[in-house]
Number of protein chains: 2
Amino acid sequence: MPKQSVPPVINYGDLDNLMGYKLRRAQVSFFESFAQRCSKFGITPGLFGVLSLVKHNPGQTQTAIANALGNDRSAMVSVVDRLEAMNVLERKPSVSDRRSHALFLTLEGETFYTQLIEEVKKHEQQFMQLLAGDEAKIIADVLDRFAALKTS
Amino acid sequence: MPKQSVPPVINYGDLDNLMGYKLRRAQVSFFESFAQRCSKFGITPGLFGVLSLVKHNPGQTQTAIANALGNDRSAMVSVVDRLEAMNVLERKPSVSDRRSHALFLTLEGETFYTQLIEEVKKHEQQFMQLLAGDEAKIIADVLDRFAALKTS
DNA sequence: TATTGTTATACTCTATAACTATA
DNA sequence: TATAGTTATAGAGTATAACAATA
């Protein structure tokens, strides 16, 4: 029987009373689980955000999608490149403005998204089943309030 | 009067119903606000986590602190280097194991932490005042449950 | 003049592998 | 053999600045 190293008992002190730290730990747990479940699709949370927004806003430009997600438009290039390489999304020339690209899901992308969102919702369920009664609604409301808080 | 570019109306679709996305947006908001408030201390959320854990667990090794925070021990090196350069934390040779370093707050670090935690708690208040009644306790509980969920 | 997509660049985080000194 | 700290390295993610094409 090999010697077992005992991890030290850690006092989390202030961290245990800070919502910011709880928020971070919960988000890390959520994203790790998401990545695990969606790795078979080759999809990360970031890629999913872009794909989902294009799905629900076909024809929007890269900059519009980037702004909606709070990303810089320069970061969109490699993301769209990757989704295009997966044949799930395509750039089309904009008819109204020749500077911009209109983004669309491909036919294959529509099928892909249908399967993907099913898996994402299963993942969501995995966490939602931890909640009782009206907790889900309360959490959703509060997280929206947190996100909306603009620091002066 | 300069021409005003009107941002397109975006339909957030599925994202609006996914707790994972709400969680991410809330956390980004929280951390941006934290960084803003604590920039005068030269402290990021990551640095604060280490400093706080050393404060409440004086004499622990780098690896113990790293494990408690879910980080790799290799990532601790530059963090501890930075906090040591700020004269708020110090490595001392461990008496029981000459391979490891015991971490402590310096005298200056104790004062620093006292001022820092005051600011951090003000920051926390800024978000907590968005909550009514027993919401804070519910959120804390739920986020702990989310964090504890281990994906098989 | 301003904006779109793009490239180049850089900085932070994070993770892995390998080294050394100790255990 | 295994572990602690370290180094080197590499991959994401994110942000800024500058450029060409277009508005």
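All values derive from a computational prediction rather than experimental measurement. Order of the sequence lines sets the chain letters (A, B, ...), proteins ahead of strands, with each chain counted from 1.
With 3.5 Å as the limit, one finds no donor-acceptor pair spanning the side chains of A:Tyr12 and B:Ser52.
Considering only side-chain N and O atoms, B:Arg98 lies nowhere under 4.0 angstrom from the phosphate OP1 or OP2 of C:dT20.
Here the side chain of A:Ser74 is nearest to one of D:dT16, C:dG5, D:dA4, namely D:dT16. Relative to the side chain of A:Thr61, the nucleotides C:dG5, C:dC13, D:dT22 differ in distance, and C:dG5 lies closest. Here C:dG5 is the nucleotide among C:dT16, C:dG5, D:dA4 with the atom lying nearest to any side-chain atom of A:Arg73. Each of D:dT7, D:dA4, C:dT16 was ranked by its minimum atom distance to the side chain of B:Val77; first place goes to D:dT7. Comparing C:dA23, D:dG13, D:dT22 against the side chain of B:Asp97 picks out C:dA23 as the nearest. Taking the side chain of A:Arg24 as heavy atoms from C-beta on, and the options D:dG13, C:dA18, C:dT14, the nearest nucleotide is C:dT14.
Atoms NE2 (A:His101) and P (C:dT3) sit 18 Å apart, rounded to a whole Å. One can place CG of B:Asn71 at 15 Å from C1' of D:dG5, the figure rounded to the nearest angstrom. Atom CG of A:Asn67 is separated from atom P of C:dT3 by 11 Å (rounded to the nearest Å). Distance, B:Asp81 CG to D:dT7 P: 7 Å, rounded to whole Å. Rounded to whole Å, the distance from CG on A:Asp72 to P on C:dT9 is 17 Å. For B:Glu32 and D:dT14, the CD to C1' distance is 11 Å, given to the nearest whole Å.
For C:dT3, its base sits under 3.5 Å from the side chain of A:Arg99 at one donor and acceptor pair at least.
Side-chain contact between B:Ile139 and B:Phe127 is absent, with no heavy atoms from C-beta onward closer than 4.5 Å. The side-chain heavy atoms of B:Phe30 and B:Pro45, taken from C-beta on, include no pair separated by under 4.5 Å.
Using a 4.0 Å cut-off between charged side-chain N and carboxylate O, B:Asp141 and B:Arg145 make no salt bridge.
Along DNA chain C, the nucleotide closest to B:Ala75 and the one closest to A:Thr63 are compared, and the more 5′ of them pairs with A:Thr63.
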